[in-house]
Amino acid sequence: MAGKNVTWRLSFSASIVHLVYCTSVFAGTHPPPVLHKDVVILGGGASGSYAAVRLREDYKKSILLVEKEPILGGHTNTYIIPETGEAFNYGVQSYIDYKGAKAFFKRFGIPLQPSVLFASDTVLVNPATNQPASLPPAIPINESVAAIQKWHDLISPWNDQLLPGYWDFFSPSEIPPDLLLPFPEVVAKYSLEAMGPILAIVSGINISEPQPTLYVTKNFGTPVVEGFLENTFFDPVPFNNSLLYQRAGELLGSDVALSSSIVAGDRSVKNGFVLTMQNDKTGAQTTVVAKRLLIAVPPSVNNLAFLSLDDQEKAVFETWSFGSVYTAVLKTNLIPDNTSLAFAGLLTSSSPVAPGQFSFSANWNGVSGYYWLILFSESTWTAEQATAAILAEMENLYNAGTFSPTTGTEPRSSIAQISDHSSARWGQSAAQIKDGFIQDLYALQGHKNTWYTGGLWCPDYSSNVWAFTDTVLPKLLQGI
Ligand SMILES: Cc1cc2nc3c(=O)[nH]c(=O)nc-3n(C[C@H](O)[C@H](O)[C@H](O)COP(=O)(O)OP(=O)(O)OC[C@H]3O[C@@H](n4cnc5c(N)ncnc54)[C@H](O)[C@@H]3O)c2cc1C
Ligand SMILES: *[C@@H]1O[C@H](CO)[C@@H](O)[C@H](O)[C@H]1NC(C)=O
Ligand SMILES: *[C@@H]1O[C@H](CO)[C@@H](O)[C@H](O)[C@H]1NC(C)=O
Ligand SMILES: *[C@@H]1O[C@H](CO)[C@@H](O)[C@H](O)[C@H]1NC(C)=O
Ligand SMILES: *[C@@H]1O[C@H](CO)[C@@H](O)[C@H](O)[C@H]1NC(C)=O
């Protein structure tokens, strides 16, 4: 009987839930556990882990960080090379020295070093023949640097509108026309052609692809450009990118719920939320009463289904694009040391490829026989499908005579580990931006006490999502 009443009241008022569970009237009836928190943070990747640490340690708020994976860190992947015990990062690689990024490592006592970049020769493969493609004419590095400096000077007057996020983005009628032009037109207009190779290597952008120039400023904005020009990218010591998130997890302790998701949420209560969190392994449910909700997962309609989104939210969150992104550790005797492999014409995440087609690059990362691999596909692929596609392609490269075994006589390739990084992404047209997409997106900050951070809200780099999170927290905390 009591249980029934409670269920009804849960969706009615957070304060009644509080009253029911904080008095001893029902002692002995074993109601489901209820947690009371100032802020619930959904998603324990870069931005959510950072927000959780800052909210609890600096703002002294009670928090709960809910992460669906059994580990914090989002796009960070670290494999341990069995032969040597070395850490091998096959997700996030290096960090931009932007705002408080270094301080975040420092608070966990993690020393830093200049980025350990592994220079390698790239074998460019023609995907139609699996034979080496001719390399484009090399561009002298001084020419590339000069072009990138020109790009920097073009975009830096817009830093206030573009960084660390888009709170103060230009109103639709004031958007500089260059930001809406297809990038190849801006390249031609300002003679930026020599940027090409660096843009591809540092940000995975194909200079010929006709995306709105705004997106290039998102992926190759002044913090990244300055990191390149001033050589200030950095790595942790040891070069194990998972260490940071492990330390954050240890600090937060039982305020982190791993392998968990939120399956129901009620935003109609007066002073916040009543959320139902579920442990995805055991199925155990916990009721969480919270004053604020910080969404640090990609705000897709699927991810936020538990909130019963309203029309205003759906209209924005239905506009993302999707595709598959996997990272993997490729163990192979087919690629020589100090060599990376890339496919011509299918080099970047944003290259249009037909459904079922895919591209990957296998990157030398300093360990003999192991390659850090990133795969893009416009189709929704399982890890098994991605693994099969990569191994089939390695066989094609062997059969085409492009690579031969560096050790022994038989080709040997296997995927030691694979990780799904598929996510919602920008892909709105210039017309949608001109129609106020960014203003519509930001109008959702604080809507129904729900706040957001993460790579869909700002330039998508660890240091940048941390800096952006710093701008969200004071707003989220107003009134609590
Ligand atoms: C392959 C790759 C390499 C990268 N390399 C670099 C680099 O070298 N340097 C750099 O600065 N940046 C790099 N980035 C970008 C950087 O990783 C992102 O900017 C950053 O991770 C974005 O943080 P986020 O919190 O928005 O998302 P994420 O870090 O992806 O975190 C989102 C978290 O939410 C969880 N989640 C998702 N849905 C749910 C749900 N429904 N319920 C609960 N939890 C959920 C996910 O498991 C994940 O842990 C890289 C990105 C990728 C994909
Ligand atoms: C890298 O860090 C993670 C998290 O601390 C740890 O589990 C792993 O053992 C480390 N790997 C190496 C090789 O140090
Ligand atoms: C790059 O160096 C070459 C050879 O030294 C020189 O001719 C050229 O003008 C330089 N280009 C730029 C943009 O400085
Ligand atoms: C790979 O390159 C590094 C740095 O240039 C060099 O020290 C090393 O000897 C090279 N290894 C091979 C196998 O060529
Ligand atoms: C870049 O994109 C253009 C236009 O979509 C395409 O023709 C070209 O092959 C791509 N280049 C690379 C290196 O991927």
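Quick note: residue numbers are just sequence positions, from 1. Whatever order the structure lists ligands and atoms in, that order sets their numbers, starting from 1.
- Atoms of ligand 2 lying under 4.0 Å from at least one heavy atom of L243, given by number and element, are 5 (O).
- Other residues, nucleotides and ligands contribute only 12 or fewer heavy atoms inside 6.0 Å of the CG atom of N231.
- Salt-bridge formation is detected for the pair K189/D178: a Lys NZ or Arg NE/NH1/NH2 atom is positioned less than 4.0 Å from an Asp or Glu carboxylate oxygen.
- Given atom 37 (C) of ligand 1, the protein heavy atom at minimum distance is V297 CG1, 3.6 Å.
- Of the possible polar contacts, none joining the E67 side chain to the V256 backbone as a donor-acceptor pair under 3.5 Å is found.
- Between the side chains of D280 and S261, at least one donor N or O lies within less than 3.5 Å of an accepting N or O.
- Judged purely by atom type and a 3.5 angstrom limit, S47 has no side-chain atom pairing as donor or acceptor with the backbone of V465.
- Listed by number with element, the atoms of ligand 2 under 4.0 Å from a non-hydrogen atom of Q246 are 4 (C), 5 (O).
- No hydrogens or angles considered: a donor-acceptor pair under 3.5 Å links the side chains of W364 and N338.
- The shortest contact between atom 32 (C) of ligand 1 and any protein heavy atom is with A296 O, 3.6 Å.
- By the definition of a contact as any protein heavy atom under 4.0 Å away, atom 7 (O) of ligand 2 is not in contact.
- Of the heavy atoms in L42, only side-chain atoms (C-beta onward) come closer than 4.0 Å to ligand 1.
- For S47, a nitrogen or oxygen atom sits less than 3.5 Å from a nitrogen or oxygen atom of ligand 1, counting backbone and side chain alike.
- For ligand 1, the atoms sitting less than 4.0 Å from at least one non-hydrogen atom of Y461 are 10 (C), 11 (O), 12 (N), 19 (O), numbered in the order shown with element in parentheses.
- Summary of contacts: the protein heavy atom closest to atom 43 (C) of ligand 1 is K68 N, 3.4 Å.
- With hydrogens and angles ignored, the 3.5 Å screen pairs a side-chain donor or acceptor of T84 with a backbone N or O of E86.
- For ligand 2, the polar-atom distance check finds an N/O of N240 within less than 3.5 Å of one of the ligand's N/O atoms.
- Residue, atom and distance of the protein heavy atom nearest to atom 10 (C) of ligand 1 are S462 OG, 3.4 Å.
- Inclusion of H75 in the set of residues having an N or O under 3.5 Å from an N or O of ligand 1 is warranted.
- For the residue pair T222 / S156, no side-chain donor-acceptor distance below 3.5 Å is found, with atom types taken as modelled.
- Proximity to G91 (heavy-atom distance under 4.0 Å) selects the following atoms of ligand 1: 3 (C).
- Ring planes of F105 and W466: perpendicular class, angle over 60° (limits at 30 and 60°).
- For S423, no heavy-atom contact with ligand 1 is shorter than 4.0 Å.
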Report the C-alpha separation of N241 and T78 in whole Å, then their side-chain angles, then the decisive distance to 0.1 Å, and conclude whether the side chain to side chain donor-acceptor pair (under 3.5 Å) test is met. CA-CA 7 Å; N241 284 324; T78 309; over 6 Å; no
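- Under a cutoff of 6.0 Å and an axis angle of 45°, K218 and W426 form a cation-pi pair.
- In summary, the atoms of ligand 2 found under 4.0 Å from a heavy atom of A87, numbered by their order in the structure, are 12 (C), 13 (C).
- Counting heavy atoms closer than 4.0 Å to ligand 1, residue V92 contributes atoms from both its backbone and its side chain.
- Near D460, the atoms of ligand 1 lying under 4.0 angstrom from a non-hydrogen atom of the residue are 15 (C), 18 (C), 19 (O), 20 (C), 22 (C).
- Closest to atom 47 (O) of ligand 1, if we only count protein heavy atoms, is E67 OE2, 2.6 Å.
- The ligand atoms of ligand 2 that sit less than 4.0 angstrom from a heavy atom of E86 are 13 (C).
- Judged by distance alone, with hydrogens and angles left aside, the side-chain atoms of E57 form no donor-acceptor pair with the main-chain N or O of L55 at under 3.5 Å.
- L293 has its side chain out of reach of R267: every pair of non-hydrogen atoms, C-beta onward, lies at least 4.5 Å apart.
- Atom 27 (O) of ligand 1 lies below 4.0 Å from none of the non-hydrogen atoms of the protein.
- From the protein, the heavy atom lying nearest to atom 9 (O) of ligand 3 is E143 OE2, 4.4 Å.
- Remark: side-chain polar atoms of K150 are paired, donor with acceptor, to backbone N or O of Y190 under 3.5 angstrom.
- Formation of a donor-acceptor pair under 3.5 Å by the E313 side chain with backbone atoms of D310 is found in this model.
- Less than 4.0 angstrom separates some heavy atom of E69 from each of these atoms of ligand 1: 47 (O).
- Residue T327 has at least one heavy-atom neighbour below 4.0 Å for each of these atoms of ligand 1: 1 (C).
- Distance from atom 29 (O) of ligand 1 to its nearest protein heavy atom, with residue and atom name: A46 N, 3.0 Å.
- With respect to atom 7 (C) of ligand 1, the closest heavy atom belonging to the protein is S94 O, 3.4 Å.
- Taking the six-membered ring for Trp and thresholds of 30 and 60 degrees, Y166 and F169 have ring planes more than 60 degrees apart, a perpendicular arrangement.
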Exercise for review: Take L375 and I418 through the test side chain to side chain contact (heavy atoms under 4.5 Å, CB included) and record every step on the way to the result.
Suggested key: CA-CA 10 Å; L375 175 145; I418 186 157; over 6 Å; no
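- The protein atom (non-hydrogen) at minimum distance from atom 31 (O) of ligand 1 is G45 CA, 3.1 Å.
- Considering only non-hydrogen protein atoms, atom 12 (C) of ligand 3 sits nearest to N142 ND2, 3.5 Å.
- Each of the atoms 8 (C), 9 (O), 11 (N), 13 (C) of ligand 2 lies under 4.0 Å from some heavy atom of I80.
- No more than 12 heavy-atom neighbours from other residues, nucleotides or ligands sit within 6.0 angstrom of NZ on K99.
- Contact annotation: I96 has no heavy atom less than 4.0 Å from any atom of ligand 1.
- Judged by the shortest distance from any of its heavy atoms, P238 lies outside the 4.0 Å radius around the atoms of ligand 2.
- Distance check on atom 14 (O) of ligand 3: some protein heavy atom falls below the 4.0 Å cut-off.
- In I71, the CD1 atom is not crowded: 12 or fewer heavy atoms of neighbouring residues, nucleotides or ligands sit closer than 6.0 Å.
- Within the listing of ligand 1, atoms 26 (O) sit less than 4.0 angstrom from a heavy atom of G455.
- Taking every non-hydrogen atom of I374 and a distance limit under 4.0 Å, the qualifying atoms of ligand 1 come out as 1 (C).
- Using a 4.0 Å heavy-atom cutoff, N303 is listed among the residues neighbouring ligand 1.
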**OP:** Please test I262 against V40 for side chain to side chain contact (heavy atoms under 4.5 Å, CB included), starting from the C-alpha separation and ending with a verdict.
**Re:** CA-CA 10 Å; I262 298 178; V40 167; 4.1 Å; yes
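- Close contacts of ligand 1 with Q93, meaning ligand atoms under 4.0 Å from a residue heavy atom, involve 5 (N), 7 (C), 8 (O).
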